[in-house]
Amino acid sequence: MIVSTLDITHINCTPFQDQRPGTAGLRKKVSVFRQPHYLECFVQAIFDTLKLPQGARLVIGGDGRYHNAEAIQTIIRIAAANGIREIIVGQNGLLSTPAASLVIRKYKAAAGFILTASHNPGGPDGDFGLKFNTPSGGQATEQVTEAVFRTSQQLSGYRIASLPPVDLVRTGNTKCGELDIQVIDPVADYAMLMQELFDFAAIRTWLQDGHRIRFDAMHGVTGPYARRILVDLLGCPPDSILHAESLPDFGGLHPDPNPIDAAELVAESLRPDSADLLAASDGDGDRNMILGPGFFLSPGDSVAMMLASLQLLPGYRNGVAGVARSMPTSRALDVVAAELGIPCYETPTGWRFFCNLLEAGLIGLCGEESFGTSSAHVREKDGLWAVLFWINLLAARHRSLKQIADEHWRHHGRHYYQRWDYYTADTSRANAMLGALRSALPGLCGRQFGTAQIESADDFHYRDPVDGSESAHQGIRLVFSDGARIVYRLSGTGTAGATLRVYLERHVRDAAAIDRPTSEVLAPLGNLAAALARIGEFIGADAPTGMI
Ligand code: VG1
Ligand code: CO
């Protein structure tokens with residue numbers, strides 16, 4: 001038994017009933033997280049569930065959003081009171097999500113806390129979030145997050161140590177009684193790993209040859225990472241980085257790297273003097289958007305093209321045993337995997353479902369349609385990694401992004417892809433709509449629409465091939481005989497109301513038809529999707545709230 005010299009108090013309080021984590025951690029409005037005892041109770045529920053060994057090591061860091069610094073101090077106090085004796089925290093409280101995953105793995109921590117609501121807006125009226133990762137560096141599984149939720153509902157209070165605020169500004173070690181706190185440079189380990197995976201010398205030469213890149217950090221956490229790697233190590237001019245400063249409210253931006261929220265970058269890509277590669281990442285640095293001059297690379301295409309050229313890059317010379325994509329993600333990856341003769345796994349939405357496959361060595365590359373891609377180098381998706389991957393690929397192949405895409409499509413056909421989102425303030429209507437659609441599935445199978453027939457209509461049920469765990473109701477999918485597919489599911493990252501996501505895809509093999517505008521190709525399928533699910537009737541929306 002360890003006798004603690006820390007001053008620990010037990011605070012009694014009534015449990016909160018709304019602490020069920022979603023697709024990636026617990027996300028709530030800042031005002032919800034700032035309620036007295038709210039964060040404390042959730043963190044206590046995590047410790048009660050994980051039952052970490054006494055003296056364990058913990059990693060903490062966040063995307064720098066509003067409330068990040070205060071929340072870190074609270075988590076340190078709860079952690080200390082629950083037997084943690086070593087804490088590694090990013091300087092100024094910063095760690096991008098992929099860097100946190102790396103630090104947890106590299107320093108063999110027992111767990112990690114990542115403070116982020118990812119691409120959701122920040123600031124006092126914005127969102128805050130917390131996710132916790134396991135020693136593998138991956139997010140806790142659905143089974144564990146459900147167990148934490150159950151614990152949170154029965155909690156009678158929490159344990160907290162009285163500690164002076166920890167100085168997060170200076171790197172180095174501090175001792176608080178038997179608690180050891182190490183403030184680390186959040187970029188160093190990550191920058192080192194990137195140099196092992198990619199050919200920095202080839203990229204430097206490519207840049208010296210006059211090629212240019214533009215990276216939009218969207219005032220999220222990647223600013224300091226991009227500065228160190230792109231500017232200091234690769235020699236890009238400092239003005240290659242837009243919105244480079246990490247700000248608590250993301251400068252009022254919506255830090256979501258998609259063509260709508262990163263419109264400024266898209267506008268740059270359309271100018272005659274566009275950079276050769278333009279990219280953006282989100283608030284916590286795990287998403288990526290890739291653009292070329294006048295060209296948008298769809299995330300599902302990106303991961304498929306990465307697989308097709310994987311062995312050109314130093315860290316991936318030996319290829320991969322398999323790949324995976326989330327179910328709604330385009331099946332472009334499957335086509336490349338089939339040609340290479342490797343398996344392509346289909347998982348539910350959310351990065352945590354890839355982690356078992358990565359850990360077991362079954363896959364070495366994976367992606368989601370929501371601008372997320374990564375490999376086995378960490379257990380989270382990784383925005384800057386994807387950007388470096390593409391820069392390295394352009395340097396290695398001496399082709400433009402559009403040329404690489406065209407060649408790929410001519411060979412494999414093109415998977416036109418779009419997501420239509422419908423927001424409703426009334427969650428029960430969205431649930432009723434999905435319920436009705438689920439009941440209609442048996443009757444939909446075999447039905448003819450124009451020249452195509454619905455070949456299968458089901459509610460995606462996942463069985464994890466590694467641990468056999470089951471996840472039901474992961475999205476409704478309609479697969480058509482002509483290469484089209486519609487998927488419906490509800491978002492699990494919002495903090496108010498419900499967002500219905502409708503994913504549209506059409507595989508076109510005819511080389512003469514690979515250069516059409518995506519919206520034109522997919523509009524009829526989107527309208528059919530809305531009619532089949534009676535979206536207007538249930539949600540009262542004539543048109544999607546957003547199309548990405
Ligand atoms: C969304 C995306 C999903 C992604 C998740 C977390 O979830 O669709 O693919 O894994 O966000 O990404 P949902 O449940 O809202 O569809 V991040 O960058 O917020 O950590
Ligand atoms: Co994110």
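Both ligands and their constituent atoms are indexed starting at 1 by order of listing. Everything numeric in this text was worked out from a predicted model, so none of it was measured.
Aromatic ring pairs are classed by plane angle as parallel below 30°, tilted from 30° to 60° and perpendicular above 60°; the pair W385 and F198 is tilted. Taking the six-membered ring where tryptophan is involved, the planes of H412 and H408 are tilted, since the angle between them lies from 30° to 60°. Aromatic ring pairs are classed by plane angle as parallel below 30°, tilted from 30° to 60° and perpendicular above 60°; the pair Y225 and Y190 is perpendicular.
For T349, every heavy-atom contact with ligand 1 shorter than 4.0 Å involves the side chain, none the backbone. Only the side chain of R27 comes within 4.0 Å of ligand 1, counting heavy atoms alone; its backbone N, CA, C and O stay farther away. Looking at D282 against ligand 1, only its side chain comes within 4.0 Å, counting heavy atoms. If you look at S491 next to ligand 1, the close heavy atoms, those under 4.0 Å, come from the backbone and the side chain alike.
Considering backbone and side-chain N/O of D286, one or more are found under 3.5 Å from N/O of ligand 1. At least one N or O atom of G492 sits closer than 3.5 Å to an N or O atom of ligand 1. For a threshold of 3.5 Å applied to N or O pairs, the pair formed by D284 and ligand 1 contains no separation below that value. At least one N/O-N/O distance between R287 and ligand 1 falls below 3.5 Å.
Closest heavy-atom approach to atom 18 (O) of ligand 1 among the candidates G350, A117, S118: S118.
At least one N/O/S atom of D282, from backbone or side chain, sits under 2.8 Å from the Co ion (ligand 2). Because the distance cut-off is set at 2.8 Å, S118 qualifies as a neighbour of the Co ion (ligand 2) through one of its N, O or S atoms.
Distance check: E537 CD to M433 CE gives 10.5 Å after rounding to the nearest 0.5 Å.
Side-chain atoms of S118 and T116 form no donor-acceptor pair, as typed in the model, at a separation below 3.5 Å. Side-chain contact annotation: Y488 with D459, donor-acceptor N/O pair under 3.5 Å absent. Side-chain atoms of H377 and D382 include a donor-acceptor pair closer than 3.5 Å.
A ring-centre distance under 6.0 Å is not found for F296 and Y417.
Protein heavy atom at the shortest distance from atom 2 (C) of ligand 1 is S370 OG, 3.4 Å.
Under the 4.0 angstrom criterion for non-hydrogen atoms, S326 is not in contact with ligand 1.
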### Task
Given ring-ring contact (aromatic ring centres under 6.0 Å, His included), test Y66 with F128 step by step and report yes or no.
CA-CA 8 Å; Y66 188 84; F128 191 76; 8.9 Å; no
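Those atoms of ligand 1 that come under 4.0 Å of a heavy atom in K381, given as number and element, are 4 (C), 6 (C), 10 (O), 12 (O), 17 (V), 18 (O), 20 (O). For ligand 1 and E368, the ligand atoms under 4.0 Å from any heavy atom of the residue are 3 (C), 4 (C), 9 (O), 10 (O). Close approach of ligand 1 to R489 is summarised as follows: ligand atoms under 4.0 Å from at least one heavy atom of the residue are 13 (P), 14 (O), 16 (O). The ligand atoms of ligand 1 that sit less than 4.0 angstrom from a heavy atom of E369 are 8 (O). Under a 4.0 Å criterion applied to the non-hydrogen atoms of T23, ligand 1 contributes the atoms 5 (C), 7 (O), 13 (P), 14 (O).
Between R489 and the options R501, Q474, R477, a side chain to side chain contact (heavy atoms under 4.5 Å, CB included) holds for only R501.
Using a 4.0 Å cut-off between a side-chain N of Lys or Arg and a carboxylate O of Asp or Glu, D426 and R429 qualify as a salt bridge.
When the Co ion (ligand 2) is compared with the N/O/S atoms of D286, atom OD1 turns out nearest.
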